Amino acid sequence: MIVEQEQHESPAVNDICDAVLHNLADQHDWTSLELRDGPEQPRPLIKGLPPKRLYLHPDDQIAALAHEEATGEKLFQNPEYVLVLAVHINERWTLAKFAAVFDSIPSDDAQPKRILFATLHNDSTVVYYWMHEGMVKPRQN
């Protein structure tokens, strides 16, 4: 279900967000999708629930690997809500713009400040990357 709130002032931004919303719902089976937009936000953010957990903190990854080694079973990780920033490939972003987006994330979100950066290409392909605020411990391989 997609719930839209206030529309951003730019029709192009609304179209980009709409394309990413539909990609998440139709191609990736996300649920509880909503567009979070307001005057305090420099850019709308999409909030949704993926079908499985997308990010595992490196410390949690070590614990999960130890559990799998000890029991032979993978540790189930409940999915978590994720914030998504939708942009077009031709947009120019600066560190200041990214910082403003991170600063607009409500403090009531329990997770550390990270967003899924969704880049919409001209052919409607969407590519996703994790973005974190600040330094992040690298994953174990």
Side-chain angles (χ1 to χ4, degrees), residues 1-71 73-141:
M1 176 182 196
I2 298 172
V3 178
E4 296 211 18
Q5 295 176 351
E6 292 180 45
Q7 292 291 310
H8 198 266
E9 59 190 52
S10 167
V13 169
N14 290 331
D15 290 344
I16 293 164
C17 290
D18 189 50
V20 172
L21 272 166
H22 288 288
N23 181 266
L24 290 168
D26 299 338
Q27 301 297 317
H28 300 287
D29 299 325
W30 282 39
T31 57
S32 303
L33 287 163
E34 65 180 74
L35 184 62
R36 302 172 107 196
D37 194 7
E40 71 285 347
Q41 290 182 264
R43 183 70 172 235
L45 291 174
I46 298 166
K47 183 177 182 179
L49 188 63
K52 65 180 184 174
R53 185 173 290 188
L54 298 181
Y55 178 80
L56 189 59
H57 187 276
D59 293 338
D60 296 333
Q61 183 183 24
I62 291 168
L65 289 171
H67 173 80
E68 185 176 349
E69 186 176 309
T71 65
E73 296 179 2
K74 288 193 175 206
L75 186 62
F76 178 75
Q77 302 285 335
N78 287 323
E80 296 177 328
Y81 279 91
V82 175
L83 293 175
V84 181
L85 172 63
V87 301
H88 191 272
I89 188 74
N90 292 332
E91 288 184 69
R92 299 289 179 236
W93 279 77
T94 63
L95 289 177
K97 284 184 182 180
F98 286 124
V101 169
F102 277 107
D103 289 343
S104 75
I105 295 174
S107 59
D108 61 342
D109 284 339
Q111 66 181 348
K113 288 190 176 181
R114 68 175 168 263
I115 55 176
L116 196 58
F117 185 67
T119 305
L120 177 66
H121 294 254
N122 290 334
D123 65 357
S124 298
T125 301
V126 182
V127 179
Y128 297 93
Y129 301 94
W130 279 114
M131 289 188 70
H132 297 263
E133 181 180 54
M135 299 295 289
V136 177
K137 184 177 178 179
R139 287 182 169 243
Q140 299 292 319
N141 287 331

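Just so it is clear, the structure is predicted and the values come from calculations on it, not from any experiment.
- When all heavy atoms are compared, the tightest approach of Gly48 to Leu33 is CA-CD2, 3.8 Å.
- Residues that satisfy the side-chain hydrogen bond (donor to acceptor under 3.5 Å, both in side chains) test with His88, not counting sequence neighbours, are Asn122.
- Residues meeting the ring-ring contact (aromatic ring centres under 6.0 Å, His included) test with Phe98, sequence neighbours left out: Trp93, Phe117.
- Glu91 is linked by a salt bridge (charged side-chain N to carboxylate O under 4.0 Å, His left out) to Arg43, counting only residues two or more places apart in sequence or in another chain.
- To the nearest 0.5 Å, atom CD of residue Gln41 and atom CG of residue Asp103 are 12.0 Å apart.
- Side-chain atoms of Lys113 and Leu83, non-hydrogen and from C-beta on, never get closer than 4.5 Å to each other.
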### Message
Applying salt bridge (Lys or Arg N to Asp or Glu O under 4.0 Å) to Arg53 and Glu80, what does each step give before you reach the verdict?
### Response
CA-CA 6 Å; Arg53 185 173 290 188; Glu80 296 177 328; 3.5 Å; yes

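- Side-chain N or O atoms of Lys47 include none that pairs as donor or acceptor with a backbone N or O of Ser32 at under 3.5 Å.
- A pairwise comparison of heavy atoms in Thr125 and Asp123 identifies OG1-OD1, 2.8 Å as the closest pair.
- Put simply, CD1 on Ile16 and OG1 on Thr119 are 10.0 Å apart, with the number rounded to the nearest 0.5 Å.
- Within the 4.5 Å cutoff, no side-chain heavy atoms of Leu21 are placed close to those of Trp30.
- Taking CD1 of Ile115 as the reference point, atom OH of Tyr128 lies at 13.0 Å (rounded to 0.5 Å).
- Annotation for Val20 and Ala86: closest pair CG2-CB, 3.6 Å, computed over non-hydrogen atoms.
- Minimum interatomic distance between His67 and Glu73 (heavy atoms only, all atoms of both residues): CD2-O, 3.4 Å.
- Annotation for Val126 and Ala118: closest pair CG1-CB, 3.9 Å, computed over non-hydrogen atoms.
- Note that CD of Gln27 and NE2 of His22 are 12.0 Å apart. Values are rounded to the nearest 0.5 Å.
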#### Entry: Trace of the side-chain contact (heavy atoms from CB on, under 4.5 Å) decision for Leu116 with Trp130
CA-CA 5 Å; Leu116 196 58; Trp130 279 114; 3.9 Å; yes

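- Here Asp37 contributes atom CG and Asn14 contributes atom CG; the two are 7.5 Å apart, rounded to the nearest 0.5 Å.
- To the nearest 0.5 Å, atoms CD1 (Ile46) and CZ (Arg36) are separated by 12.0 Å.
- Side chains of Asn23 and Leu120 form no contact here, defined as non-hydrogen atoms less than 4.5 Å apart.
- Counted within 6.0 Å of CD on Glu40, heavy atoms from surrounding residues, nucleotides or ligands total more than 12; the atom is thus considered enclosed.
- Nearest heavy atoms, Lys97 versus Arg92: NZ-O, 3.1 Å.
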